[in-house]
Protein chains: 2
Amino acid sequence: MDHATTRLAVSTVIFALRQEHGGAPTLWTPFVLRTRQPHLDQWALPGGWLSADEDLDSAAARTLGETTGLHPSYLEQLYTFGGVDRSPTGRVVSVAYTALVRTDEVDRAAPGENVRWFRADALPRLAFDHNAIVDYALARLRTKVEYAHIAHTFLGETFTLAQLRSVHEAVLGHALDAANFRRSMTTSSDLVETGEVLAGTPHRPPKLFRYRTAESTRS
Amino acid sequence: MDHATTRLAVSTVIFALRQEHGGAPTLWTPFVLRTRQPHLDQWALPGGWLSADEDLDSAAARTLGETTGLHPSYLEQLYTFGGVDRSPTGRVVSVAYTALVRTDEVDRAAPGENVRWFRADALPRLAFDHNAIVDYALARLRTKVEYAHIAHTFLGETFTLAQLRSVHEAVLGHALDAANFRRSMTTSSDLVETGEVLAGTPHRPPKLFRYRTAESTRS
DNA sequence: ACAAAAGTGTTGCCGATACACCCATGC
DNA sequence: GCATGGGTGTATCGGCAACACTTTTGT
């Protein structure tokens, strides 16, 4: 058994929302330009090598910060890819993660010369097997947003139901009924009214909500 | 970066059904007695080291065969466990798999001196973090059996609906309504009648079914 | 007043549950 | 014929999609 010839990497599929010229927000993911062989000058997932004294989760958070400057609001292990021929320069097993980042976090992070964002539904040809990894992450995100309460991690601390709905619509790729969405959220979900409303709209101001946390459970 | 100090292992949680003295079948999983340190003489999940020229699925199938003599009818990656202190003798990252094996396969395989089966709901204290891995596998199996069509992998090629129902009941740990189970299977599922019935019962002979495969799609 | 989005009410459909009931076979 | 599990019918309940409708603000 030759352990030294197999290296362990961590890669992260990052999702964020961006709106182009005032339209509905859509899903975007950042990639890093490879500056060395193999796959020189191709776009690849943010990631890096696992170091000996850190957890997988920590390694994902660290490498994602180092390569893109982002800090995720949600981070979850996705799948481990270990095909023998994934890399032409020796065996690499990659633990893939999915990260969600807030829109304001994207604006705050330094853009970075070698980082570029692409629409999740219009990806370029990526290095290694990274296209397959992103496809898998996107499929999982779409199913998970329907039963887990993760969509709010794209938004700020407080948000309106319309904002939350537009997140769901961006992830799922189709429109949702506003009335029914409201009901399904306010009943089966852990939303809490803040008592405030969002001002400055050219119409009726919507209520602001927040997600129930451990300490805000006082109902 | 010191890659050589981190070793990559594959471990598999194996599930099979067994009935004790004529009762309803229950879920059982096999463990292997450790014959060396660390955790000498404790029970551990079947597994082994990943070798450099095989992919993860193959490694899971191989190590599970080598340690228990079993051949799974279903094998799926579960999660990758990479805590820094999982093993006292150096860093080990384990890719965990879930395997389902048929009852007849269990009977056929050589019992093995160092292999013992335990009821999935009454486990001993296992080596390393293997209790947590089994718990996670069991939780996943319970949710997955409700939406994926995997229960039949516990059974033979053909089976009656009562047999399939007893599999679901064993996995879920509670009884199901026979009439409604029949409907939900025959409608939303890919069951095909074989045209045969199971003889030798002390009552009305039940129809035998088989799962629809790619080539048996002729409806 | 009007537009536009927030928010509510109502209806109909569909799937799941509960359970009554009939059917076929061995003994 | 009777016990036993196989198999069918059916009423009810609850959730969800569809969509009409009312409310509240800025301009």
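Hydrogens, waters and symmetry mates are skipped; everything else that's a heavy atom, side chains included, is used. Order of the sequence lines sets the chain letters (A, B, ...), proteins ahead of strands, with each chain counted from 1.
- By the neighbour-count criterion of 12 heavy atoms within 6.0 Å, atom CG of A:Asp85 is sparsely surrounded, having that number or fewer from other residues, nucleotides or ligands.
- Within residues 166-174 of chain B, no residue approaches DNA chain C, by heavy-atom distance under 4.0 Å.
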Let me see the working for A:Phe209 and A:Phe159 under ring pair (Phe, Tyr, Trp, His ring centres under 6.0 Å), right down to the final yes or no. CA-CA 5 Å; A:Phe209 291 82; A:Phe159 47 86; 7.2 Å; no
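- The aromatic rings of B:Phe118 and B:Phe31 are tilted relative to each other, their planes meeting at an angle between 30° and 60°.
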Contacts under 3.5 angstrom, residues 198-206 of chain B side chains, donor-acceptor by atom type, not counting sequence neighbours:
unit_1, atom_1, unit_2, atom_2, d
B:Thr201, OG1, B:His203, O, 3.1

For a quick check, with a 4.0 angstrom heavy-atom cut-off, what is the B/S/- contact string for nucleotides 17-27 of chain C, read 5' to 3'? BBB---BBBS-
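- In this structure, B:Lys144 pairs ionically with B:Glu76, as a charged nitrogen and a carboxylate oxygen lie closer than 4.0 Å.
- Take B:Trp43 and apply the side-chain hydrogen bond (donor to acceptor under 3.5 Å, both in side chains) test, not counting sequence neighbours, and it matches no residue.
- When the nearest nucleotides of DNA chain D are assigned to A:Ser184 and B:Phe209 by heavy-atom distance, the more 5′-ward of the two goes with B:Phe209.
- Annotation: salt bridge (Lys or Arg N to Asp or Glu O under 4.0 Å) contacts of A:Glu146 (sequence neighbours excluded): none.
- Sorted by first then second residue, the salt bridge (Lys or Arg N to Asp or Glu O under 4.0 Å) pairs that include residues 159-174 of chain A, not counting sequence neighbours, are A:Arg165-A:Glu169.
- Scored by the salt bridge (Lys or Arg N to Asp or Glu O under 4.0 Å) test, A:Arg86 finds A:Asp129 as partners (sequence neighbours excluded).
- With sequence neighbours left out, the side-chain hydrogen bond (donor to acceptor under 3.5 Å, both in side chains) criterion links B:His39 to B:Gln42.
- In this structure, CG of A:Leu208 is placed 12 Å from P of C:dA6, rounded to the nearest angstrom.
- Scanning residues 144-157 of chain A for heavy-atom distances under 4.0 Å to DNA chain C yields an empty list.
- Under the salt bridge (Lys or Arg N to Asp or Glu O under 4.0 Å) criterion, no residue pair touches residues 172-183 of chain A, with sequence neighbours excluded.
- Pairs of residues two or more places apart, or lying in two chains, that qualify as salt bridge (Lys or Arg N to Asp or Glu O under 4.0 Å) and include a residue from residues 112-126 of chain A are A:Glu20-A:Arg119, A:Arg119-A:Asp121.
- In summary, contact between chain B and DNA chain D, defined as any nucleotide atom under 4.0 Å from a heavy atom of the protein, begins and ends at D:dT4 to D:dT10 in the 5' to 3' direction.
- Neither side chain, A:Thr194 nor A:Thr158, offers a donor N or O lying under 3.5 Å from an acceptor on the other.
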